[in-house]
Amino acid sequence: MKITLKDGSVKEYSSSMSVIDIAKDISEGLARNACAGEVDGKVVDLRTVVDSDCELNILTFNDKAGQAAYRHTTSHVLAEAVKRLYPDAKLAIGPSIEEGFYYDFDAPNFDRAALDAIEKEMKKIIKEGAEITRFTLPREEAIRFMEEKGEPYKVELIRDLPEDAEISFYSQGEFTDLCAGPHLMSTKGIKAIKLISSSGAYWRGSEKNKMLTRIYGTSYTKAADLDAYLEHLEDIKKRDHNKLGREMELFTTVDVIGQGLPLLMPKGAKIIQTMQRWIEDTEDNEWGYVRTKTPLMAKSDLYKISGHWDHYKEGMFVMGEEEDGKECFALRPMTCPFQYYVYKATQHSYRDLPIRYGETSTLFRNEDSGEMHGLTRVRQFTISEGHLIVRPDQMVEEFKNCLALAKHCLTVLGVEEDVTYRLSKWDPENPEKYIGDAATWEKTEGHIRSVLNELGIEFYEGVGEAAFYGPKVDIQAKNVYGKEDTMITIQWDALLAEQFDMYYIDQNGNKVRPYIIHRTSMGCYERTLAWLIEKYAGNFPTWLAPEQVRVLPISEKYIDYADSVLKKLKEKGINATLDARSEKIGFKIRETRLAHVPYMLVVGQKEEEEGVVSVRSRFLGDEGQKSVDTFIEEILTEIKNKTIRKVEVTQ
């Protein structure tokens with residue numbers, strides 16, 4: 001058989017061979033570093049026997065799939081260590097994730113001391129260097145095997161496997177786990193490990209199931225790489241919006257109000273107010289949008305027309321029951337059907353189109369409680385929502401313009417390099433989840449794909465990520481922990497105009513169905529604020545900062561002069577405050593720096609006599625003395641241009 005390697009070279013063998021044996025034949029060093037194989041594009045275990053011509057790639061830790069196998073093996077070491085120390089713990093699942101692995105246990109919570117003890121036991125297991133072997137069992141034998149071990153979660157997993165599934169197990173010494181693999185050849189291949197944290201997690205992600213204990217960890221082939229990652233985690237902790245946003249008094253949450261219902265405090269509300277005014281002015285003055293303001297709720301009748309009642313009711317907050325003579329209402333999860341009726345209130349000709357409706361919309365989604373997180377996953381949120389009613393011949397150009405507007409917003413916010421683009425498609429294997437036929441979906445997806453290719457936008461495709469009524473472009477970003485969220489959505493809709501009987505009069509006097517683009521220009525304000533907190537570690541660009549300048553008198557004698565400076569700043573619309581406390585100036589400066597204020601103006605006798613201020617910034621440090629008017633002119637230019645200055649020094 002002929003084996004074509006990654007570099008294009010070909011190895012010939014007279015009989016079948018395992019992936020690991022082929023790796024050894026190529027190089028002993030490669031075999032030592034091998035984590036998995038890739039045969040004709042499919043990731044396989046190193047023990048997989050190759051018996052025909054194929055393309056083979058030996059995967060090491062430098063490959064994502066190789067990392068996954070390496071860390072999956074580490075998760076098994078974790079499970080073995082837990083079972084040694086806590087024999088009554090029950091095993092659930094333990095996959096690799098992007099930067100590490102986790103394992104879920106039906107066991108008491110593990111504190112830091114317990115994690116340290118488990119980690120110590122893991123290192124002992126790794127040092128023992130047990131060979132890892134794979135075997136399979138028929139379904140009933142597999143069930144009995146795990147029942148005898150007292151592992152009910154594994155039994156449930158086996159019972160849920162397809163009838164024709166191969167049920168495989170991996171053993172390392174005295175420990176055996178149900179697993180599809182792939183895995184390393186032995187535990188001694190693991191070099192550097194760290195258990196990060198422990199938290200709760202519902203079995204199979206459903207709050208209806210039992211809460212289990214999840215242990216997160218990571219592993220590397222080099223201690224230096226692990227150390228670098230741990231330093232990265234420390235930086236993450238400093239940037240985590242859920243921690244930093246509370247410390248900066250941007251938002252808070254209260255149990256008696258409810259999960260997913262954050263309270264924006266004055267500083268956080270100021271940032272969102274600034275973004276909202278900017279977005280609305282940009283859309284209306286530069287991109288041709290008109291404003292609407294529509295209700296926060298509607299009768300169930302509206303959602304039945306749109307299809308949300310059938311396809312999305314579980315995600316809505318419904319008030320009342322549908323009974324004879326009684327109206328049932330629901331808080332809106334979207335604005336589109338409301339704006340459709342704004343359109344329908346007036347008859348339109350082809351000359352009127354496109355019509356671009358914009359609305360700052362407060363929406364409500366009944367998310368699972370386990371999904372709630374800070375400002376990124378909430379039950380009430382506000383978005384820069386818009387719907388464009390267009391003629392079919394205008395659709396492509398308007399879709400491009402929506403992408404251009406989104407890119408403009410990302411650029412102004414300084415995050416354009418931090419996003420990826422996803423073409424979110426329907427799932428043809430589950431057509432009942434959608435409205436419309438396959439031909440319509442394939443056609444509209446093709447249009448979006450062509451637009452993205454024409455604009456030179458790199459993108460990937462996500463099956464099953466579309467809304468039930470149309471495919472879309474989702475602009476994605478990751479938080480500091482690597483979890484991906486959708487920030488901006490632009491959706492192609494060729495279906496809902498029919499359901500709402502929307503039309504325009506064409507040049508021949510005929511009624512014609514328009515197309516619709518559902519889009520956000522910047523997305524959810526709360527999620528964007530979380531993104532910006534983490535992006536800038538609280539050091540917002542000056543134009544967005546809730547406090548742009550703080551005036552610091554050296555002593556009480558100069559409060560009057562400081563107050564006159566403050567009034568000049570406020571008259572020009574600058575977000576400024578005065579620290580008139582009887583504290584030493586060094587203390588005030590440190591407090592201002594910790595509050596992430598871009599500029600501080602120190603004033604004393606010399607400044608008062610000369611009518612100037614001593615400027616300190618987080619960009620250049622001590623910027624020397626300037627006249628008040630000069631400083632105001634400079635900062636107003638920075639704010640107007642929405643300049644993003646690099647934070648180079650501490651104040």
Peer 1: Is the Y469-H518 ring centre distance short of 6.0 angstrom?
Peer 2: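 That pair passes the under 6.0 Å test.
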Peer 1: Salt bridge check: are E247 and K243 linked by an N-O gap of less than 4.0 Å?
Peer 2: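 Answer for the salt bridge query: yes.
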Peer 1: Closest heavy-atom contact between P471 and A466?
Peer 2: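 Closest pair (atom of P471, atom of A466, distance): CA-CB, 4.0 Å.
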Peer 1: State whether the side chain of E534 and the backbone N or O of V480 hold a donor-acceptor pair below 3.5 Å, judged by distance alone.
Peer 2: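 Flag set: sc E534 to bb V480 pair under 3.5 Å.
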Peer 1: Assess whether a salt bridge exists between D485 and K483, defined as any Lys/Arg side-chain N lying under 4.0 Å from an Asp/Glu carboxylate O.
Peer 2: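 Counted as a salt bridge, because a side-chain N and a carboxylate O are separated by less than 4.0 Å.
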Peer 1: Could K568 and E571 be called an ion pair, given the rule that one side-chain N must be under 4.0 Å from one carboxylate O?
Peer 2: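 Looking at K568 and E571, the cut-off is not met.
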Peer 1: Between atom CZ of F381 and atom CG of L375, what is the distance when rounded to the nearest 0.5 Å?
Peer 2: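 Going from CZ on F381 over to CG on L375, the span is 13.0 Å.
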Peer 1: Can V473 and R422 be said to form a side-chain contact (heavy atoms from CB on, under 4.5 Å), step by step?
Peer 2: CA-CA 6 Å; V473 173; R422 180 179 73 197; over 6 Å; no
Peer 1: Apply salt bridge (Lys or Arg N to Asp or Glu O under 4.0 Å) to residues R277 and D281 and explain how you reach the verdict.
Peer 2: CA-CA 6 Å; R277 288 176 174 174; D281 288 346; over 6 Å; no
Peer 1: Quick one: does R365's side chain have a donor or acceptor within less than 3.5 Å of a partner on P333's backbone?
Peer 2: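 Between the backbone of P333 and the side chain of R365 there is a qualifying donor-acceptor contact (under 3.5 Å).
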Peer 1: If the test is side-chain hydrogen bond (donor to acceptor under 3.5 Å, both in side chains), which one of R550, E634, E547, E638 qualifies with Y599?
Peer 2: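 For Y599, the side-chain hydrogen bond (donor to acceptor under 3.5 Å, both in side chains) test succeeds with only one of R550, E634, E547, E638, which is E638.
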Peer 1: Regarding R377 and E526, does a basic nitrogen lie under 4.0 Å from an acidic carboxylate oxygen?
Peer 2: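 A salt bridge is absent here (no side-chain N lies under 4.0 Å from a carboxylate O).
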Peer 1: Pair L529, L264 - check side-chain contact (heavy atoms from CB on, under 4.5 Å), show working.
Peer 2: CA-CA 11 Å; L529 176 56; L264 289 172; 4.2 Å; yes
Peer 1: Please name the residue in the list Y340, Y343, F338 that meets the ring pair (Phe, Tyr, Trp, His ring centres under 6.0 Å) test with F500.
Peer 2: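 Only match with F500 under ring pair (Phe, Tyr, Trp, His ring centres under 6.0 Å): Y340.
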Peer 1: Is E283 salt-bridged to R291, going by a charged N under 4.0 Å from an acidic O?
Peer 2: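 A salt bridge links E283 with R291.
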Peer 1: Looking at every non-hydrogen atom in both residues, tell me the closest pair between T218 and G100 and how far apart they are.
Peer 2: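 Shortest heavy-atom contact: OG1-CA, 3.6 Å.
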Peer 1: In Å, rounded to the nearest 0.5 Å, how long is the span from CZ of F251 to CD1 of I272?
Peer 2: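 With rounding to 0.5 Å, CZ (F251) is 10.5 Å from CD1 (I272).
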Peer 1: Between D427 and K433, does any side-chain N to carboxylate O distance fall below 4.0 Å?
Peer 2: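 No salt bridge links D427 with K433.
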Peer 1: Give a yes or no answer on whether the side chain of D474 reaches the backbone of Q476 with a donor-acceptor pair at less than 3.5 Å.
Peer 2: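 Pair absent, no side-chain N/O of D474 close to backbone of Q476.
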Peer 1: So which heavy atom on P431 is nearest to which on P428, and how close?
Peer 2: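 Minimum heavy-atom separation between P431 and P428: CD-O, 3.4 Å.
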Peer 1: For the residue pair T376 and A530, what are the closest heavy atoms and their distance?
Peer 2: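 So the minimum-distance heavy-atom pair works out to CG2-CB, 3.7 Å.
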Peer 1: Please find the pair of heavy atoms, one from A545 and one from N575, that lie closest to each other, and give the distance.
Peer 2: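 Heavy atoms of A545 and N575 come nearest at O-ND2, 3.3 Å.
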Peer 1: Would you check if the side chain of H348 reaches a backbone N or O of T346 as a donor-acceptor pair within less than 3.5 Å?
Peer 2: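 Yes.
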Peer 1: Is any NZ, NE, NH1 or NH2 atom of the basic residue among E385 and K293 found under 4.0 Å from an Asp or Glu carboxylate oxygen of the other?
Peer 2: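 Salt bridge absent between E385 and K293.
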Peer 1: Closer than 4.0 angstrom, basic N to acidic O: yes or no for E461 and K425?
Peer 2: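 Answer for the salt bridge query: yes.
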Peer 1: Is the closest basic N to carboxylate O distance between D506 and K511 below 4.0 Å?
Peer 2: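 The answer is no: the pair does not qualify as a salt bridge.
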Peer 1: Among residues two or more places apart or on two chains, list those pairs meeting ring-ring contact (aromatic ring centres under 6.0 Å, His included) that have a residue in residues 401-430.
Peer 2: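 Sorted pair list: W426-Y434, W426-W441.
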Peer 1: For the pair R519 and T489, evaluate side-chain contact (heavy atoms from CB on, under 4.5 Å) and give the outcome as yes or no after the intermediate values.
Peer 2: CA-CA 5 Å; R519 48 100 279 184; T489 291; over 6 Å; no
Peer 1: Once the angle between the rings of W309 and Y303 is folded into 0 to 90°, is it parallel (under 30°), tilted (30 to 60°) or perpendicular (over 60°)?
Peer 2: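 Because their plane-to-plane angle is under 30°, the rings of W309 and Y303 count as parallel.
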Peer 1: Distance from M487 atom CE to K478 atom NZ, nearest 0.5 Å?
Peer 2: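 Between M487 CE and K478 NZ, I get 14.0 Å after rounding to 0.5 Å.
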Peer 1: Please determine whether side-chain hydrogen bond (donor to acceptor under 3.5 Å, both in side chains) holds for the pair T282 and W278, giving the CA-CA distance in whole Å, both sets of side-chain angles, and the decisive distance to 0.1 Å.
Peer 2: CA-CA 6 Å; T282 298; W278 161 59; 3.2 Å; yes
Peer 1: Ignoring hydrogens and geometry, is there a side-chain-to-backbone donor-acceptor pair from R246 to N242 under 3.5 Å?
Peer 2: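 Indeed, once roles are kept as given, a pair shorter than 3.5 Å links the two residues.
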Peer 1: Taking atom OH of Y289 and atom NE2 of H387, what is their separation to the nearest 0.5 Å?
Peer 2: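 Those atoms lie 10.5 Å apart.
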Peer 1: Can I get a per-line list of side-chain donor-acceptor pairs under 3.5 Å for residues 349-358, giving both atom names and the distance, sequence neighbours left out?
Peer 2:
residue : atom : partner : partner atom : Å
S349    : OG   : R351    : N            : 2.9
D352    : OD2  : S349    : N            : 2.8
R356    : NE   : E398    : OE1          : 3.0
R356    : NH2  : E398    : OE2          : 3.0

Peer 1: Roughly how far, to the nearest 0.5 Å, is the CG atom of L403 from the CD1 atom of I457?
Peer 2: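 Here the interatomic distance stands at 5.0 Å.
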Peer 1: Is NZ or CZ of K299 both nearer than 6.0 Å to the six-membered ring centre of F329 and within 45° of the ring axis?
Peer 2: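 Negative - K299 is either too far from the ring of F329 or too far off its axis.
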Peer 1: Distance check, rounded to the nearest 0.5 Å: I435 atom CD1 versus L496 atom CG?
Peer 2: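 Rounded to the nearest 0.5 Å, the CD1-CG separation comes out at 5.0 Å.
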Peer 1: Between Y216 and S199, which heavy-atom pair has the shortest distance, and what is it?
Peer 2: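 Taking every non-hydrogen atom into account, CE1-OG, 3.6 Å.
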Peer 1: Just do the ring pair (Phe, Tyr, Trp, His ring centres under 6.0 Å) check on F468 and H308 with the steps written out, would you?
Peer 2: CA-CA 9 Å; F468 68 85; H308 287 88; 4.9 Å; yes
Peer 1: Quick one: do the S521 and S384 side chains pair a donor with an acceptor below 3.5 Å?
Peer 2: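 Side chains of S521 and S384: pair found under 3.5 Å.
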Peer 1: Within the 3.5 Å criterion, strictly below it, is a donor on T294 or R332 matched to an acceptor on the partner's side chain?
Peer 2: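 A donor-acceptor contact under 3.5 Å links the two side chains.
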Peer 1: Examine K210 relative to W203 and say whether NZ or CZ is less than 6.0 Å from the centre of the six-membered ring and inside a 45° cone about the ring axis.
Peer 2: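 No, a cation-pi geometry is absent between K210 and W203.
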Peer 1: Can E367 and R379 be counted as an ion pair, charged N to O under 4.0 angstrom?
Peer 2: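 Result for this pair is no, no salt bridge flagged.
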Peer 1: Ring-plane angle category for H232 and Y229, please: parallel below 30°, perpendicular beyond 60°, tilted otherwise.
Peer 2: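 Tilted.
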Peer 1: L244 vs H596, test: side-chain contact (heavy atoms from CB on, under 4.5 Å). Steps then yes/no.
Peer 2: CA-CA 11 Å; L244 184 55; H596 303 271; 4.2 Å; yes
